[in-house]
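Only a predicted model underlies this, so the values are computations on that prediction, with no experimental measurement involved.
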Amino acid sequence: MRCLWLTWIDPAPEHDGQRIYSGRMIDAVAARGVKIDVLCFQSEFERARGDPESAVRWRLVPRQERPGWWSVFSRLPNLSHRCDTQAMRRCFRELLRQRNWDTIVMDGLSTGWALDPIAAHYGDRGDRPRLIYISHNHEETTRALVAENFKGNPLMAAALRIDARKATLLEHRMMDEVDVISAVTPEDAEQFALRVANKPVFVLSPGYGGRRVPTRRIDAGLPRRALLVGSFEWLAKQMNLTEFLSAADPVFAVAGAEIQVVGNGERDFFDHLRPQLKSTEIVGPVDDIKPYLDNARVAIIPERSGGGFKVKMLDYVFNRVPVAALEHSYAGVPVVPGESVLTFATHEALARGVVDVIDNFDLLNGLQQEAYGACADEFDWSQRGETLVAMMTRPLPNRNRAMPRSAASPLMTVQP
């Protein structure tokens with residue numbers, strides 16, 4: 001089987017959840033015997049493109065940096081517009097001409113620009129490959145929530161609302177024109193299934209390939225520290241961090257506890273935050289996250305905006321760091337509030353809740369043990385690859401290559 005896989009950028013280096021998900025999924029599918037050509041932007045990683053006989057052949061396009069506001073003049077949302085360059089389209093059209101592909105994987109809404117070239121190349125021909133849309137969020141919900149929660153420049157707020165509307169329109173078109181849809185959480189899958197008819201919608205949550213700590217005991221020898229790991233390059237992530245630290249930093253300062261923030265982010269954004277903080281250390285990007293996980297009593301997920309599956313949740317769970325989170329911010333992970341995770345309704349309540357339990361070692365150790373046990377057998381990348389390959393090959397009843405618009409569909413969940 002030959003698969004043409006579109007994604008927005010080379011997943012290496014893996015410094016955010018999207019890259020981890022895309023890179024590991026490509027590897028998992030290739031391990032099942034599928035030959036994959038990946039078309040994407042070149043990242044900072046120096047990757048060999050590979051010979052024609054390799055399992056994964058990388059077709060890397062130089063990334064064209066351009067201001068985000070350019071997308072205002074496009075019908076595409078910024079997420080997809082940033083990938084819609086002449087060089088990317090030229091390479092894609094050439095790949096369509098070169099081979100009769102069995103499957104085209106559209107990895108994320110950022111690849112929505114490719115719908116027009118696909119339609120132009122195949123038209124009403126009967127040999128169009130199967131189209132699979134791998135979603136990273138239910139973007140209609142996610143982008144609308146980001147726009148709603150943004151409190152800042154009115155022009156930016158208006159731009160976010162317009163971009164959210166464009167993302168919704170593109171996502172609807174994607175759902176209507178592809179053959180198969182995957183979602184990272186059951187909640188997202190249910191949202192997709194409300195729109196599409198007679199079309200498979202299945203759950204394809206991330207796997208986990210990192211360190212698994214067999215045993216850990218949290219005690220007074222650890223700093224009174226809460227850890228917050230993430231990638232803070234997207235506006236939604238910056239909003240979440242700013243809102244949480246505004247509420248939490250004073251609470252931690254009074255309690256004599258500390259917050260440590262680790263991950264990628266724009267230097268200007270971090271530099272703007274630092275002078276306002278008393279009990280928070282912004283570490284920034286690191287080569288190895290393990291020492292920070294080992295020296296924290298609790299981890300925090302404060303995400304009010306953004307949606308999707310939180311890959312960092314698995315890092316916390318499998319490194320046995322107990323988690324405190326906003327309600328509904330860790331979809332797709334089989335943990336139970338009060339038993340294997342602590343949940344709170346607001347940032348203020350989350351901050352005070354963490355401070356209240358940071359010295360309760362019996363509770364913290366119970367949480368991390370329960371969470372590890374609940375997730376231990378649930379996140380295997382090889383199973384994810386097997387599931388996706390099955391969706392590449394299984395018969396699609398009543399497949400209509402013209403793909404007329406449709407109204408509603410029952411949800412189909414495929415368990416790995």
Side-chain angles (χ1 to χ4, degrees), residues 7-26 40-45 63 65 68 78-79 82-83 107-110 134-137 139 142-143 145-146 149-150 160 184-185 205-211 226-245 259-274 280-293 296 299-319 321 323 325-326 329-333 379:
T7 191
W8 98 271
I9 198 167
D10 187 338
E14 295 181 339
H15 60 56
D16 60 51
Q18 179 173 329
R19 291 194 189 197
I20 293 170
Y21 186 79
S22 296
R24 298 298 177 91
M25 198 66 74
I26 289 168
C40 61
F41 282 136
Q42 187 171 8
S43 71
E44 60 270 35
F45 180 69
R63 186 178 175 186
E65 296 287 352
N78 182 58
L79 184 67
R82 64 181 177 176
C83 302
D107 184 5
L109 195 69
S110 60
I134 297 181
S135 72
H136 292 249
N137 290 295
E139 299 292 353
T142 298
R143 301 288 160 169
L145 186 61
V146 171
N149 288 342
F150 178 78
L160 288 172
V184 293
T185 68
S205 60
Y208 180 75
R211 181 180 70 164
L227 180 66
L228 203 164
V229 175
S231 178
F232 306 100
E233 296 167 314
W234 181 26
L235 176 62
K237 305 296 185 181
Q238 295 175 2
M239 290 165 53
N240 291 328
L241 182 62
T242 302
E243 292 171 9
F244 174 69
L245 292 182
I259 302 168
Q260 200 168 55
V261 178
V262 179
N264 291 297
E266 297 175 2
R267 177 177 295 180
D268 289 347
F269 169 64
F270 286 155
D271 288 346
H272 174 73
L273 285 180
R274 285 189 176 99
T280 302
E281 177 191 13
I282 297 182
V283 178
V286 297
D287 293 330
D288 186 1
I289 192 66
K290 292 191 289 293
Y292 298 91
L293 294 164
I300 295 175
I301 298 180
E303 303 198 13
R304 194 164 70 97
S305 307
F309 189 103
K310 305 300 183 293
V311 174
K312 59 179 170 284
M313 180 73 170
L314 301 183
D315 285 319
Y316 298 149
V317 167
F318 288 113
N319 284 275
V321 185
V323 176
L326 280 186
S329 66
Y330 52 88
V333 182
F379 297 96

**Message:** For a side-chain contact (heavy atoms from CB on, under 4.5 Å) check, start with the C-alpha distance between L326 and E303, then their side-chain angles and the critical distance, and finish with the verdict.
**Reply:** CA-CA 7 Å; L326 280 186; E303 303 198 13; 6.0 Å; no

**Request:** In sequence, state the C-alpha distance, the side-chain angles, and the governing distance for W8 and Q18, and then conclude on side-chain contact (heavy atoms from CB on, under 4.5 Å).
**Result:** CA-CA 10 Å; W8 98 271; Q18 179 173 329; 2.8 Å; yes

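Rounded to the nearest 0.5 Å, atoms CE (M239) and CG (N149) are 5.0 Å apart. How far CZ of F232 is from CG of L241: 5.0 Å, rounded to the nearest 0.5 Å. The line from CD1 of I20 to CG of D315 is 6.5 Å long, rounded to the nearest 0.5 Å. To the nearest 0.5 Å, the span separating CD1 on I134 from CG on L109 amounts to 13.5 Å. Separating the CG atom in L235 from the NZ atom in K237 is a distance of 11.5 Å, to the nearest 0.5 Å.
In this structure E14 satisfies the side-chain hydrogen bond (donor to acceptor under 3.5 Å, both in side chains) test together with R24, sequence neighbours excluded. Among residues two or more places apart in sequence or in another chain, the side chain to side chain contact (heavy atoms under 4.5 Å, CB included) test is passed with T7 by W5, S22, V38, C40, D107. For T280, the side-chain hydrogen bond (donor to acceptor under 3.5 Å, both in side chains) partners at least two apart in sequence or on another chain are D249. Every residue meeting the ring pair (Phe, Tyr, Trp, His ring centres under 6.0 Å) condition with F244, not counting sequence neighbours, appears here in chain and number order: H347. D288 is linked by a salt bridge (charged side-chain N to carboxylate O under 4.0 Å, His left out) to K290, counting only residues two or more places apart in sequence or in another chain. When the ring pair (Phe, Tyr, Trp, His ring centres under 6.0 Å) test is applied to Y21, the partners found at least two apart in sequence or on another chain are H136. Take D10 and apply the salt bridge (charged side-chain N to carboxylate O under 4.0 Å, His left out) test, not counting sequence neighbours, and it matches R47. For R63, there are no side-chain hydrogen bond (donor to acceptor under 3.5 Å, both in side chains) partners at least two apart in sequence or on another chain. Applying the side chain to side chain contact (heavy atoms under 4.5 Å, CB included) criterion to R274, with sequence neighbours excluded, gives F270, D271, I282. With sequence neighbours excluded, the residues that form a side chain to side chain contact (heavy atoms under 4.5 Å, CB included) with Q260 are R225, L227, V262, E281, V283, Y292. Scored by the side-chain hydrogen bond (donor to acceptor under 3.5 Å, both in side chains) test, S135 finds no partners at all (sequence neighbours excluded). When the side chain to side chain contact (heavy atoms under 4.5 Å, CB included) test is applied to S231, the partners found at least two apart in sequence or on another chain are D16, E233, N264.
Within the 4.5 Å cutoff, the side chain of S205 has heavy atoms near those of the F379 side chain. For the pair Y316 and I301, the minimum side-chain heavy-atom distance is below 4.5 Å. In this structure, the side chains of L228 and P302 come closer than 4.5 Å at one or more pairs of heavy atoms. With contacts defined as side-chain heavy-atom distances shorter than 4.5 Å, the pair Q238/H272 does not qualify. A 4.5 Å side-chain heavy-atom check between N319 and R211 finds at least one atom pair inside the cut-off.
Judged by distance alone, the side chain of S43 and the main-chain N or O of A12 form a donor-acceptor pair under 3.5 Å.
Contact record, A299 with V321: N-CG1, 3.5 Å, taken as the closest heavy-atom pair.
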